[in-house]
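Heavy-atom basis, side chains included; hydrogens, waters and symmetry copies ignored.
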Amino acid sequence: MITFAQETLSMYKDVFGNTYESYEDYVNSPDLDTDLVYIKLWRGERTPQNDEERRIKKELDEMKAKGQTPEFYFD
């Protein structure tokens, strides 16, 4: 009987090759592009990391409460 050790990898790698311990670490990374920060805040996937992000999250939540959807532009 042969037994193989099962190793669980919970690493996440972004398109630039940066490795994070989890998707949550990637989403909350300070390296995340500003447009992605706003989208992740809108979706509730990112925890605001500073006062500016808390202000933006508040504005996004107010828009969501009114049934509005922000437009995100990518360059």
Side-chain angles (χ1 to χ4, degrees):
M1 181 174 168
I2 299 173
T3 305
F4 294 96
Q6 292 184 346
E7 185 176 328
T8 303
L9 297 176
S10 61
M11 303 292 266
Y12 181 82
K13 186 180 258 188
D14 68 14
V15 296
F16 301 109
N18 299 318
T19 304
Y20 302 90
E21 290 191 29
S22 67
Y23 179 74
E24 183 178 355
D25 286 345
Y26 160 71
V27 167
N28 289 304
S29 165
D31 302 324
L32 202 62
D33 197 40
T34 304
D35 293 334
L36 290 176
V37 167
Y38 293 167
I39 290 171
K40 300 301 182 185
L41 287 170
W42 169 257
R43 291 181 180 168
E45 296 177 9
R46 180 179 174 94
T47 303
Q49 304 295 308
N50 53 46
D51 289 338
E52 180 183 358
E53 288 187 19
R54 281 186 275 285
R55 180 185 60 77
I56 300 224
K57 174 71 172 149
K58 183 179 177 182
E59 289 179 23
L60 291 171
D61 287 345
E62 289 171 1
M63 289 178 73
K64 193 179 282 188
K66 294 177 183 176
Q68 300 171 337
T69 304
E71 293 184 24
F72 298 103
Y73 300 98
F74 291 93
D75 292 328

Where do [X] and [Y] come nearest, in terms of heavy atoms and distance?
X     : Y     : result
Asn28 : Thr47 : OD1-N, 2.8 Å
Tyr26 : Leu36 : OH-CD1, 3.9 Å
Trp42 : Gln68 : CH2-O, 3.2 Å
Leu32 : Val27 : CD2-O, 3.3 Å

What residues form a salt bridge (Lys or Arg N to Asp or Glu O under 4.0 Å) with Asp61, not counting sequence neighbours?
-> Lys57
Find the distance between OH (Tyr23) and OH (Tyr12) and round it off to the nearest 0.5 Å.
-> 6.0 Å
How long is the gap from CG on Leu41 to CZ on Arg55, to the nearest 0.5 Å?
-> 11.0 Å
Applied to residues 37-50, the salt bridge (charged side-chain N to carboxylate O under 4.0 Å, His left out) test, sequence neighbours excluded, yields Lys40-Glu45, Arg46-Glu53
Taking only residues two or more places apart in sequence, or in another chain, which ones meet [X] in a side chain to side chain donor-acceptor pair (under 3.5 Å)?
X     : value
Glu71 : Tyr73
Asp31 : none
Asp25 : none

Other residues, nucleotides, ligands: >12 heavy atoms within 6.0 Å of Lys58 NZ | no
N/O donor-acceptor pair under 3.5 Å between Asn18 side chain and Asp14 backbone = no
What residues, two or more places apart in sequence or in another chain, satisfy ring pair (Phe, Tyr, Trp, His ring centres under 6.0 Å) together with Tyr38?
-> none
